[in-house]
Amino acid sequence: MSLFDKFTTLQETRQALLQSGVNPFHLTVEKILSPTEAIMNGRHTILVGSNNYLGLTFHPECIQAGHQALDQEGTGTTGSRMANGSFAAHGYLEEAIASFYDLPHAIVFSTGYQANLGILSTLAGAGDVILMDADSHASIYDGCRLSGAEIIRFKHNDVSDMEKRLRRLGNRATHTLIVVEGIYSMLGDRAPLAEMVAVKKQYGATMVVDEAHSLGILGEQGRGLVEEVGAEQEVDCIVGTFSKSLGSTGGFAVSRHPLFDMIRYASRPYIFTASPCPSVVATTTAALRVVRKHPELRQQLWANANRLFNGLITSGYTLGAEVGPVIAAMIPNKELALTMWQGLLEHGIYVNLMIPPATPNGECLLRCSVSAAHTEAQLTHICQTFHTLKEQFLS
Ligand code: PMP
């Protein structure tokens, strides 16, 4: 008997997948061609699962900024900001994010995962309560665990369940951190944020919103669901990632609270890790500029999302939510999902295969993420292929 024994089941599952000729969790992008195309399994493939919502990974301004930073500042920072000091560009990026949100404080983290770990584990601690949506991302779960606070889950997007649990807490409600997401990553549905904010206000709780999938996508200026529902004065902290609409890596948190910057001095996932490298900071800062300068990218994303959504609905698919950047087709079982996912790949289309336990309610999903960079021809091919597979396997 050894500690490794527990991996036997995982290995058996993986083996069974391999025997079926598919290993969806070990795909290699052999060559990346553009924000929406790659060579995979030797085949020219359209990427419909990369979260590259605004298609910025090859934007000339971002690439140029990255090159320049690499030439002038080197490959890495080789240490944390607390111990080794910040590069000036870290500060510029924080100023750019704060200005984008029109909020006074911003902290940059090395990834979005670490932003959740860093904020949740520092804002809440032993003796406090975290009230979280049951369908939260793993980084939210892990951040909550790291906090040492009591963790209570409420039913996904259920305001009355959230309210009931907050009420039961009595005077502990003022020491409660509510955590929700703007757009949920699996089904693409949104939090009923306006109603949730009203409840949090009523009970004097604190609220963090993770806008990983809504930054640059929702709201007049692209500031996410908080902007769209007009809750910018009410939400205490917004967390997000640079790894989706901004086509880079890293995470951030913004807030209006006068003590927010103190989190920097208490947050282990901020303090004890290397700061983002210069080229990443530069491409992120450039991407933020592009998002502000080019609202038409957001409009194109929505036009493309509508196109794909309507195409799949017309073919008879059941989708996870209203139209949005994440469009998830629900498939009745794992075997069919796997077969159809492979069918899409054979037609040169890559989407995310999502199966339990990674999905809510045990759903099997073919999850698409739409990009502003998808062309008319690509969207036609994607819709036609989904249609063919529906006829072949689900009729
Ligand atoms: N929050 C949510 C809701 C996410 O979907 C993700 C990434 N899938 C993250 C946080 C983590 O972001 P990153 O990839 O930058 O670590």
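Each ligand, and each atom within it, is numbered from 1 in the order the structure gives.
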Numbered atoms and elements of ligand 1 in range of [X], under 4.0 angstrom, heavy atoms:
X      : answer
Ser139 : 1 (N), 10 (C)
Asn116 : 1 (N), 10 (C)
Ser243 : 13 (P), 14 (O), 15 (O)
Ala212 : 1 (N), 2 (C), 3 (C), 4 (C)
Thr111 : 15 (O), 16 (O)
Glu181 : 3 (C)
Ser185 : 5 (O)

For [atom], what is the nearest protein heavy atom, given as residue, atom name and distance?
atom                    : answer
atom 13 (P) of ligand 1 : Gly112 N, 3.5 Å
atom 16 (O) of ligand 1 : Tyr113 N, 2.8 Å
atom 15 (O) of ligand 1 : Thr241 OG1, 2.6 Å
atom 7 (C) of ligand 1  : Lys244 NZ, 3.0 Å
atom 1 (N) of ligand 1  : Asp210 OD2, 2.7 Å

Decide whether [X] and [Y] meet the rule of one side-chain donor and one side-chain acceptor closer than 3.5 Å.
X      : Y      : answer
Asp158 : Ser160 : yes
Arg223 : Tyr101 : no
His213 : Tyr53  : yes
His156 : Asp189 : yes

* Asked: Can any side-chain N or O of Glu94 pair as donor or acceptor with the backbone N or O of Val108 at less than 3.5 Å?
  ->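 Such a contact is found between Glu94 side chain and Val108 backbone.
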
Atom [atom1] of [X]: over 12 foreign heavy atoms under 6.0 Å:
X      : atom1 : answer
His67  : NE2   : no
Glu391 : CD    : yes
Arg264 : CZ    : yes

* **Nearest-0.5 Å distance that lies between atom CG in Leu319 and atom CD1 in Ile313** =>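 Those atoms lie 4.0 Å apart.
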
* Asked: Which part of Asn51 is near ligand 1, with near meaning a heavy atom under 4.0 Å away: side chain, backbone, both or neither?
  ->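 Neither part.
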
* To do: May I ask which of Met186, His213, His137 has a heavy atom nearer to atom 6 (C) of ligand 1 than the others do?
  => His137

